[in-house]
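Order of listing sets the numbers, starting from 1, for every ligand and every atom in it. Throughout, residue positions are numbered sequentially from 1 according to the sequence presented.
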Amino acid sequence: MPESQRTPHRRYNPLLDEWVLCSPHRLQRPWQGKVEDEPEDTRPDYDPSCYLCPGNVRANGERNPAYTSTYAFDNDFPALLPESSAGATDGGGLLVSGPATGRCRVICFSPRHDLTLAEMSPEETRPVVDAWAHETEAIGSDPGIRYVQVFENKGAMMGCSDPHPHCQVWATGHVPLIPARKLATQRAWLRRHGRDLLGDYLERELEANERIVCRNRHWIALVPWWALWPFEVMVVPVRRVPDLPSLDGDERDALAEVLHRVSVRYDNLFRTSFPYSMGFHGRPTDGQEHPWWRLHAVYFPPLLRSATVRKFLVGFELTAEPQRDLTAEDAAARLRDQGETRYRKARAQ
Ligand code: H2U
């Protein structure tokens with residue numbers, strides 16, 4: 001890393017067209033990356049009080065089938081409904097509103113209550129990749145749906161309401177703010193350079209080889225140059241694939257593998273079941289090709305120095321702009337240093 005990046009500087013995020021303030025000198029004090037074993041996990045593989053376990057009754061009274069792999073259902077408390085009676089308001093350009101429509105689904109990753117993606121093998125994760133792709137395609141084929149957001153909240157710290165391994169799918173009649181910004185920036189890059197933004201970015205990252213965490217034949221996991229969260233990771237396909245349904249079988253296997261490896265590295269970093277919000281950004285489902293869009297996964301984990309010391313967005317970040325201390329290069333190196341056998345299993349061996 002050049003010396004100029006060891007002092008305060010700003011980095012540009014070309015995907016979101018925004019800046020992050022980096023203050024690496026604040027970490028010149030010794031690294032206190034505290035490793036602490038999580039309390040012994042007593043979670044059973046089946047919990048009779050869990051709304052997501054097979055055969056159990058959900059909050060709305062419906063019973064889950066005795067599923068044996070993944071299981072997807074309509075969210076009983078959806079944030080969006082297929083119809084909206086809300087009219088548009090304008091209020092002289094100051095009290096503006098419009099209707100919002102969509103659908104929400106929940107996908108259980110496994111019938112086992114006690115697992116996470118870090119504890120499921122790549123083979124066990126592959127059906128999850130298929131479920132993500134299937135849901136995106138099935139919901140996205142509805143002409144009223146313009147974007148399908150697949151995301152996982154993991155850990156109570158991230159607001160996850162049930163530890164049973166699962167994710168959510170929110171599909172919207174509009175393209176939400178962040179994907180809309182990524183649509184504009186990737187389109188503008190293609191117009192200016194004739195290539196896709198993330199493909200060009202990946203070339204730079206492979207050349208620099210400073211922020212890559214791990215890779216396989218189809219995917220690169222890296223801490224992006226513009227990372228805001230301490231151990232933020234982006235997973236990018238080597239081929240320009242626009243969305244989850246377009247992945248071929250080999251790429252799906254490889255995605256399951258790389259996600260498993262990232263999850264294990266995360267858990268090993270502070271010896272805890274690492275909390276995060278992660279999600280996939282694929283092209284909008286508005287019927288257009290979007291030949292500049294490259295699918296990618298993003299992980300936003302809040303932990304900074306130990307299983308209990310976390311980053312909060314406060315002060316300057318709320319009032320002025322995002323900021324980080326740990327450099328993306330240091331974060332990538334720390335993740336690279338981790339083994340790929342989960343710490344509990346490694347200890348038992
Ligand atoms: P989170 O863990 O990220 O909160 O996701 C759980 C989702 O599951 C949440 O959106 C839904 C909640 O509405 N849910 C049901 O649809 N039915 C239930 O019986 C419990 C939870």
Side-chain angles (χ1 to χ4, degrees), residues 38 41 43-84 100-120 125 127-129 131-132 134-136 138-140 142 145 147-174 176-179 229 232-233 244 259 262-263 266-267 272-281 297-303 310 312-313:
E38 64 184 293
D41 199 348
R43 203 140 43 95
D45 59 6
Y46 166 75
D47 177 352
S49 67
C50 168
Y51 291 119
L52 304 181
C53 275
N56 287 4
V57 175
R58 294 207 304 276
N60 72 344
E62 218 169 289
R63 188 176 288 280
N64 296 326
Y67 65 95
T68 55
S69 177
T70 60
Y71 170 57
F73 61 92
D74 282 334
N75 195 314
D76 302 315
F77 308 95
L80 294 133
L81 299 168
E83 306 290 336
S84 166
T101 53
R103 282 183 65 192
C104 297
R105 305 265 293 163
V106 178
I107 306 176
C108 299
F109 295 162
S110 161
R112 287 267 304 267
H113 182 77
D114 57 335
L115 297 181
T116 63
L117 288 181
E119 291 152 294
M120 289 164 62
T125 306
V128 178
V129 174
W132 289 332
H134 172 78
E135 290 294 320
T136 304
I139 307 173
D142 177 339
I145 296 296
Y147 199 78
V148 182
Q149 183 62 57
V150 174
F151 65 93
E152 178 192 5
N153 281 331
K154 179 174 170 245
M157 199 183 272
M158 296 310 289
C160 178
S161 59
D162 184 332
H164 193 111
H166 69 281
C167 74
Q168 297 193 48
V169 183
W170 288 20
T172 46
H174 64 284
L177 276 183
I178 292 174
W229 295 92
E232 183 173 331
V233 160
L244 284 159
L259 294 185
V262 168
S263 311
Y266 270 158
D267 282 9
T272 193
S273 186
F274 208 65
Y276 58 72
S277 273
M278 74 85 85
F280 285 93
H281 280 148
V298 283
Y299 283 82
F300 303 119
L303 294 186
R310 61 168 294 186
F312 289 96
L313 293 184

* Determine, step by step, whether Y276 and F274 satisfy the ring pair (Phe, Tyr, Trp, His ring centres under 6.0 Å) criterion, reporting the C-alpha distance in whole Å, the side-chain angles of both residues, the deciding distance to 0.1 Å, and the verdict. => CA-CA 7 Å; Y276 58 72; F274 208 65; 7.5 Å; no

* Asked: Is it true that H166 lies under 4.0 Å from ligand 1, counting heavy atoms only?
  ->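 For ligand 1, residue contact (heavy atoms, under 4.0 Å) with H166 is present.
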
* Asked: Are any of the side-chain heavy atoms of P176 and Y147 separated by less than 4.5 Å?
  ->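 Sidechains of Y147 and P176: in contact.
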
* Could you tell me whether the side chain of V169 reaches within less than 4.5 Å of the side chain of V148, counting heavy atoms only? =>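 In contact.
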
I'd like to check which ligand 1 atoms, numbered from 1 as shown, lie under 4.0 Å from a non-hydrogen atom of [X].
X	result
F73	15 (C), 16 (O)
Y51	18 (C), 19 (O), 20 (C)
S161	1 (P), 2 (O), 4 (O), 5 (O), 6 (C)
N153	3 (O)
C160	2 (O)

* Could you check whether the rings of F280 and W132 sit parallel, tilted or perpendicular, using 30° and 60° as the cut-offs? =>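 Rings of F280 and W132: tilted, 30 to 60°.
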
* Would you call the rings of W170 and F151 parallel, tilted or perpendicular if under 30° counts as parallel and over 60° as perpendicular? ->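 W170 and F151: perpendicular rings.
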
List the closest protein heavy-atom neighbour of [atom]: residue, atom name, distance to the nearest 0.1 Å.
atom	answer
atom 8 (O) of ligand 1	V106 CG2, 3.7 Å
atom 3 (O) of ligand 1	Q168 NE2, 2.8 Å
atom 19 (O) of ligand 1	A59 N, 2.7 Å

* For atom CD1 of I178, decide whether the heavy atoms of other residues, nucleotides or ligands shown that lie under 6.0 angstrom number more than 12. =>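 No, CD1 of I178 has 12 or fewer neighbouring heavy atoms, counting only those of other groups under 6.0 Å.
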
* Hey, is the main chain of A72 close enough, under 3.5 Å, to the side chain of H166 for a donor-acceptor pair? ->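 Answer holds: no.
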
* Among N75, L52, D76, N60, whose heavy atom sits nearest atom 10 (O) of ligand 1? ->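 Minimum heavy-atom distance to atom 10 (O) of ligand 1 goes to N75.
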
